**Student:** 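The structure under discussion is supplied below as structure tokens; questions concerning it will follow.
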Amino acid sequence: MSRTTQTELVDADDFVDAEGILQRGLTLSQQGDYDAAIVHFDHVIRFQPDHSNAWYEKGSALLSLVRYAEAITSFEQALVYEPASPHTHYSLGWAASMLGQHERAIASFEQVLALQADFPNAHYSLGLALYMTGQYQAAITNLHHVLKQQPDFTDAWYSQGLALYAAKHYESAIKHFNQALHLQPDYQAALSSRGAALMGLGDYAAAIASYDKALGLNPEDAEAWYQWAMCLKHLGRHKDAVLGYSKAIALQPHHGAVYGYGCCLLKLGDYNGAIASYDRALEYQPDHYESWFNRGVALKQLERFEESVDSYEHALALRPDDARARNNLGGVLLSLGRFEAAIGCYDKVLALHPDDALAQQNRRVAMRRLQSSKG
């Protein structure tokens with residue numbers, strides 16, 4: 001009997017001392033024991049369901065545990081009882097951002113600013129969410145506001161650079177990346193992004209230099225290797241580009257890197273290697289016109305004419321009106337002695353482009369060969 005009475009008294013005390021339980025939960029949360037903290041917050045909520053601070057702290061602990069959907073539910077409950085809390089709106093927005101719910105995050109951050117115009121990081125977080133939804137000009141406006149207040153905020157300079165780059169304001173983007181690098185010279189992402197902006201301006205040599213520095217800091221950055229290789233390819237340095245594409249493929253294979261690798265091999269005369277690379281690129285993206293087209297070019301160089309015809313026909317199935325593929329297909333058909341089919345190809349090109357000089361010339365050649373074959 002006495003043990004039962006003792007338990008009942010503990011429950012009564014806990015009910016009375018809700019703030020004490022909440023404080024113990026906060027201490028546990030500060031110590032990183034989020035699961036135990038949640039138990040305490042739940043205990044408070046069980047006796048006081050309208051305790052907004054307990055709901056908020058539970059949400060914060062869930063946020064730390066990367067349980068974003070549950071955190072949002074807790075923050076929503078906190079707002080039922082305290083709808084004018086900018087901290088809760090901000091935390092809800094942050095959890096929504098982590099789940100990729102950027103429109104919802106934008107609404108939360110805007111509500112924060114309506115309640116408290118100078119709330120820490122609200123403009124920055126809003127700018128990031130706007131950037132993620134493609135609202136680049138609005139993102140730029142918010143991030144500009146941040147930089148006026150915090151000119152030494154390195155990540156804000158970088159994020160503003162990303163928004164400017166996405167809006168194709170490449171020179172301004174470079175200035176922002178440079179400022180981020182002035183504040184933090186080893187900011188690898190800023191070096192890489194500056195390289196992308198320099199590529200946008202067509203300054204491939206400067207882009208390569210920026211990527212060199214980025215890769216010096218992180219040689220495992222597959223995207224930087226890929227972009228570095230693209231710059232070299234644009235400069236006609238195909239042998240060097242092959243190294244970059246190889247690194248990118250080894251770290252994180254994807255269609256663009258495999259296709260670019262094939263293009264460099266084609267330029268270098270490694271036709272078998274190019275075909276193998278285009279085959280792999282087509283596994284990633286079966287409807288990629290350029291892979292089918294270039295595969296046809298490589299196969300023709302190896303005099304694998306029937307396979308080349310098949311590649312060009314795949315390319316033309318994707319772009320029926322493409323004069324390049326139709327002209328090239330005609331050339332392969334000529335090599336196979338299929339003169340009438342070749343003439344048909346050139347006729348289709350000329351029906352769409354009557355002034356196509358290459359088709360006119362090739363048609364004359366095909367006609368002469370057809371006449372010669374008939375004696």
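Note that the structure is a prediction, hence the values are computed from the model and not measured.
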**Student:** Any heavy-atom pair between the side chains of Ser291 and Gln285 that's under 4.5 Å?
**Tutor:**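 They are not in contact (no side-chain heavy atoms under 4.5 Å apart), so the answer is no.
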**Student:** I'd like to know if the side chain of Tyr90 pairs up with that of Ser125 as donor and acceptor (distance under 3.5 Å, no hydrogens or angles considered).
**Tutor:** yes
**Student:** Can you name the closest pair of heavy atoms from Ala224 and Leu215 and give their distance?
**Tutor:**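 Closest approach of Ala224 to Leu215: CB-CD2, 3.7 Å.
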**Student:** Below 30° counts as parallel, above 60° as perpendicular, anything between as tilted: where do the rings of Trp228 and Trp225 land?
**Tutor:** perpendicular
**Student:** Mind checking who shares a hydrophobic cluster with Val349, ILVMFWY linked at side-chain heavy-atom distances under 4.5 Å?
**Tutor:**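 Under the 4.5 Å side-chain rule, Val349 groups with nothing.
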**Student:** When the side chains of residues 111-118 are checked against the rest of the protein, which donor-acceptor pairs come out under 3.5 Å, sequence neighbours left out?
**Tutor:**
from, atom 1, to, atom 2, distance (Å)
Gln116, NE2, Asp118, OD1, 3.4

**Student:** State plainly whether the residues Glu340 and Arg369 are in salt-bridge range, i.e. N to O under 4.0 Å.
**Tutor:** no
**Student:** Going by atom types alone, do Asp356 and Tyr346 pair a side-chain donor with an acceptor below 3.5 Å?
**Tutor:** no
**Student:** Report the C-alpha distance between Glu306 and Arg338 in whole Å, list the side-chain angles of each, state the deciding distance to 0.1 Å, and finish with yes or no for salt bridge (Lys or Arg N to Asp or Glu O under 4.0 Å).
**Tutor:** CA-CA 11 Å; Glu306 292 291 352; Arg338 292 162 59 182; 3.7 Å; yes
**Student:** Under 3.5 Å, is there a donor-acceptor pair linking the side chains of Tyr259 and Ser277?
**Tutor:**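 The criterion, which ignores hydrogens and geometry beyond distance, is not satisfied for Ser277 and Tyr259.
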**Student:** Tell me which donor-acceptor pairs under 3.5 Å the side chains of residues 132-142 have, and how far apart each pair is, sequence neighbours excluded?
**Tutor:**
from, atom 1, to, atom 2, distance (Å)
Thr133, OG1, Ala129, O, 3.4
Thr133, OG1, Leu130, O, 2.9
Thr133, OG1, Gln135, NE2, 2.9
Thr141, OG1, Gln137, O, 3.0
Asn142, OD1, His123, ND1, 2.9
Asn142, ND2, Ala138, O, 3.0

**Student:** For a quick check under 3.5 Å, do Asp50 and Tyr81 share a side-chain donor-acceptor pair by atom type?
**Tutor:**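 Judged by distance alone, the side chains do not pair up.
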**Student:** Relative to the ring of Tyr165, is the ring of Tyr170 parallel (under 30°), tilted (30 to 60°) or perpendicular (over 60°)?
**Tutor:** tilted
**Student:** Does Arg324 make a cation-pi contact with Phe293, if we ask for NZ or CZ under 6.0 Å from the ring centre and within 45° of the axis?
**Tutor:** yes
**Student:** Return the minimal non-hydrogen interatomic distance between Pro286 and Trp292, and the atom names on each side.
**Tutor:** O-NE1, 2.9 Å
**Student:** Between Gln227 and Glu223, is a side-chain hydrogen bond (donor to acceptor under 3.5 Å, both in side chains) present by the stated rule, with each step listed?
**Tutor:** CA-CA 6 Å; Gln227 299 292 341; Glu223 183 63 18; 2.7 Å; yes
